[in-house]
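Every heavy atom of this structure was used, including side-chain atoms; hydrogens, water molecules and symmetry mates were not. We're numbering straight along the sequence, starting at 1.
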Amino acid sequence: MKRPNKFLRTGLVITAVMFFLHIYSIQLPDFIEGLGYGCGIAFMLIGIYAVNHDISKLRRFKMKLLKKVF
């Protein structure tokens with residue numbers, strides 16, 4: 001098995017933090033909690049896709065979009 005990439009590790013960390021906050025009854029607004037879980041799952045899915053595929057097109061698109069915004 002290949003080594004986990006940055007996206008996959010980031011998604012796992014975000015999801016684990018949200019899970020532990022929920023387990024230890026630290027109250028967060030529902031929107032923030034849903035946003036955390038959603039971002040974590042999205043990062044994990046991108047990371048899983050990136051393990052077997054080339055995502056350089058996504059990176060170029062992201063950089064072009066950031067250059068247009070800023």
Side-chain angles (χ1 to χ4, degrees):
M1 185 173 155
K2 294 183 181 178
R3 188 170 167 239
N5 55 24
K6 293 179 193 175
F7 291 110
L8 189 57
R9 281 185 275 167
T10 303
L12 287 172
V13 167
I14 291 172
T15 306
V17 167
M18 295 305 296
F19 181 71
F20 285 121
L21 289 175
H22 184 75
I23 290 292
Y24 291 115
S25 298
I26 297 175
Q27 297 296 320
L28 292 174
D30 290 339
F31 177 76
I32 301 297
E33 192 171 342
L35 186 67
Y37 280 123
C39 287
I41 291 170
F43 274 119
M44 285 192 290
L45 290 175
I46 292 170
I48 291 169
Y49 181 79
V51 168
N52 293 323
H53 297 86
D54 181 30
I55 59 168
S56 61
K57 287 183 182 179
L58 176 65
R59 289 177 192 234
R60 280 195 304 264
F61 172 74
K62 193 169 56 172
M63 290 305 293
K64 285 170 70 176
L65 186 65
L66 286 174
K67 286 180 182 179
K68 285 182 183 179
V69 171
F70 296 111

(request) Please collect all ring pair (Phe, Tyr, Trp, His ring centres under 6.0 Å) contacts where either partner lies in residues 30-54, sequence neighbours excluded, each pair once. (result) Y49-H53
(request) Applying side chain to side chain contact (heavy atoms under 4.5 Å, CB included), name anything that partners L45, two or more places apart in sequence or on another chain. (result) I41
(request) Go through the structure and list residues passing side chain to side chain donor-acceptor pair (under 3.5 Å) with D30, not counting sequence neighbours. (result) none
(message) Looking at every heavy atom in both A50 and I55, which two are closest together, and how far apart are they?
(response) CB-CD1, 3.7 Å
(message) With a 6.0 Å cut-off (strictly less than), is the heavy-atom count around CZ of R9, excluding the residue itself, greater than 12?
(response) yes
Side-chain donor-acceptor pairs of residues 63-70 under 3.5 Å, sequence neighbours excluded:
none

Please report, to 0.1 Å, the donor-acceptor pairs under 3.5 Å made by any side chain of residues 11-29, with sequence neighbours excluded.
residue, atom, partner, partner atom, Å
T15, OG1, G11, O, 2.8
H22, ND1, E33, OE2, 3.2

(request) Quick one: list whatever passes ring pair (Phe, Tyr, Trp, His ring centres under 6.0 Å) with F61, sequence neighbours left out. (result) none
